[in-house]
2 protein chains.
Amino acid sequence: MSHCNTIIDTLRQRGYRITPQREIVVDILAHAGRHITAEEIFDQMQKRIRVTNLSTVYRTLDVLWEEGFACRNDLSEGKTVYATHQHGPHIHLVCRRCDAVLDANSQVLDAMGEEIRSRYGFDADLQHLSIFGICADCSA
Amino acid sequence: MSHCNTIIDTLRQRGYRITPQREIVVDILAHAGRHITAEEIFDQMQKRIRVTNLSTVYRTLDVLWEEGFACRNDLSEGKTVYATHQHGPHIHLVCRRCDAVLDANSQVLDAMGEEIRSRYGFDADLQHLSIFGICADCSA
DNA sequence: GGTGCAATTGCAACTATTTGCATTAAGGAT
DNA sequence: ATCCTTAATGCAAATAGTTGCAATTGCACC
């Protein structure tokens, strides 16, 4: 079963209604394989369904984010980007000066997630963390 | 010397021009002692200066953020909040379900910052990290 | 297969933030 | 103190994202 069927089925089990619009958004997001904006999803969506609306895209992305199927990232480029967790866990190191985005892994992340869980009972989503700072080039 | 004089002087040294508007924004932000929105800063600012503009506030906050004097946080409440680092380092644990924000400290943060610096040469700003997830109440 | 009700949609209006551009003014040189 | 350069401002228009509401439609129940 594909990743997007899993998402759709789980949403249905949780009491959400599955509309064609939602299926299309999930499909586009799950197959994007990269970070994508709401606008891009809307553009692709319009090729598949006659009448639809940007706010439906935003609302669906909200649901996916609340339910833990998508991550949203403000990479400080003026737009928010979204991805499914399929895209793989990593940290975005976003430079405040040049806006460059460096993808990183951190072995410390798991330890931090565990610490947060044990101390605060908070289930942190560390799949796509954005961390701001100054990149090597800019601090040189 | 107060914190906001330090900021102003450093900005001047770095080649920024110090306008009354900038001084006021820095002063309000440095003395807020909490997270504050651009709109709140603008409201307070209007009590001190006749003619001014919201976009000036946004532009000044951008500079302060780029130069490392302020942090910006999207707490997913529809507005972005700002603070100086004076406010003290901590993590915001933001619940995706109920939007509750829990402030936390993490001993693991320093280790992570060090790891990121040594592996990627990236100077991460971990003073005010926002981490999304599900809070203890909502996961119960 | 038909019915009912509440969730979801499309639309339009609204809020938050950014940007282009003409004007103003900071601050280094004189 | 005045001049000059160019960064910063104010304004208005644009862009990103949200929200209220009437119309539509999924889907649970018969």
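All values reported here derive from a predicted model rather than from experimental measurement. Proteins come first, then strands; the chains are lettered A, B, ... in the order of their sequence lines, and each starts at number 1.
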Can you check the [X] [atom1] to [N] [atom2] distance for me, whole Å?
{"X": "A:E66", "N": "D:dT18", "atom1": "CD", "atom2": "P", "result": "11 Å"}
{"X": "A:R22", "N": "C:dT8", "atom1": "CZ", "atom2": "C1'", "result": "6 Å"}
{"X": "B:R72", "N": "C:dT18", "atom1": "CZ", "atom2": "C1'", "result": "11 Å"}
{"X": "B:Q13", "N": "D:dA7", "atom1": "CD", "atom2": "C1'", "result": "18 Å"}
{"X": "B:I41", "N": "C:dT17", "atom1": "CD1", "atom2": "P", "result": "11 Å"}
{"X": "B:L11", "N": "D:dA8", "atom1": "CG", "atom2": "C1'", "result": "13 Å"}
{"X": "B:L61", "N": "C:dT17", "atom1": "CG", "atom2": "C1'", "result": "11 Å"}
{"X": "B:Y82", "N": "C:dA16", "atom1": "OH", "atom2": "C1'", "result": "10 Å"}

Next item on the list: For DNA chain C, determine which residues of residues 42-59 of chain A have any heavy atom closer than 4.0 angstrom to one of its atoms, and list them numerically.
Entry: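 Correct list: A:V51, A:T52, A:N53, A:S55, A:T56, A:R59.
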What pair of heavy atoms forms the shortest contact from [X] to [Y], and how long is it?
{"X": "A:L54", "Y": "A:A38", "result": "CD2-O, 4.1 Å"}
{"X": "A:M45", "Y": "A:I28", "result": "N-CD1, 3.7 Å"}
{"X": "B:Y16", "Y": "B:V63", "result": "CE2-CG1, 3.6 Å"}
{"X": "B:F42", "Y": "B:T52", "result": "CE1-CG2, 3.8 Å"}

Note to self: Between B:R119 and B:E114, does any NZ, NE, NH1 or NH2 come within less than 4.0 Å of an OD or OE carboxylate oxygen?
What the structure shows: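 Salt bridge: no.
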Next item on the list: May I ask you to decide whether A:E40 forms a salt bridge with A:K79, counting only side-chain N to carboxylate O separations under 4.0 Å?
Entry: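 Looking at A:E40 and A:K79, the cut-off is not met.
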Check: Side-chain N or O of B:Q21 less than 4.0 angstrom from OP1 or OP2 on D:dG10?
Finding: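 So the side chain of B:Q21 is within the cut-off, an N or O lying under 4.0 Å from OP1 or OP2 of D:dG10.
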Next item on the list: Applying side-chain contact (heavy atoms from CB on, under 4.5 Å), name anything that partners A:T10, two or more places apart in sequence or on another chain.
Entry: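 Once residues adjacent in sequence are excluded, the partners of A:T10 under the side-chain contact (heavy atoms from CB on, under 4.5 Å) criterion are A:T6, A:R14, A:F69.
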Margin query: Strictly by salt bridge (charged side-chain N to carboxylate O under 4.0 Å, His left out), give each pair with a member in residues 41-57 of chain A just once, sequence neighbours left out.
Written below: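 Sorted result for residues 41-57 of chain A: A:D27-A:R48.
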Notebook entry, point to check: Which pairs count as salt bridge (charged side-chain N to carboxylate O under 4.0 Å, His left out) when at least one residue sits in residues 120-136 of chain A, sequence neighbours excluded?
Noted result: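 Pairs touching residues 120-136 of chain A that pass the test: A:R117-A:D123, A:D125-B:R96.
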Pull out every protein N or O sitting under 3.5 Å from an N or O of nucleotides 25-27 of chain C, one pair per line with the distance.
from   : atom 1 : to    : atom 2 : distance (Å)
C:dA26 : N3     : B:R17 : NH1    : 3.2
C:dG27 : OP1    : B:I18 : N      : 2.8

Next item on the list: Give, for atom OG1 of A:T84 and atom NE2 of A:H35, the distance between the pair rounded to the nearest 0.5 Å.
Entry: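 Answer for the OG1-NE2 pair, A:T84 versus A:H35, is 9.5 Å.
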Checklist line | Any donor-acceptor pair under 3.5 Å from A:R97 side chain to A:I134 backbone | finding: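 The answer is no, because no donor-acceptor pair under 3.5 Å joins these two groups.
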Note to self: When the axes are fitted on five pairs at both termini, how much does the helix from C:dG1-D:dC30 to C:dT30-D:dA1 curve, in 10° steps?
What the structure shows: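 Rounded to the nearest 10 degrees, the bend comes out at 40°.
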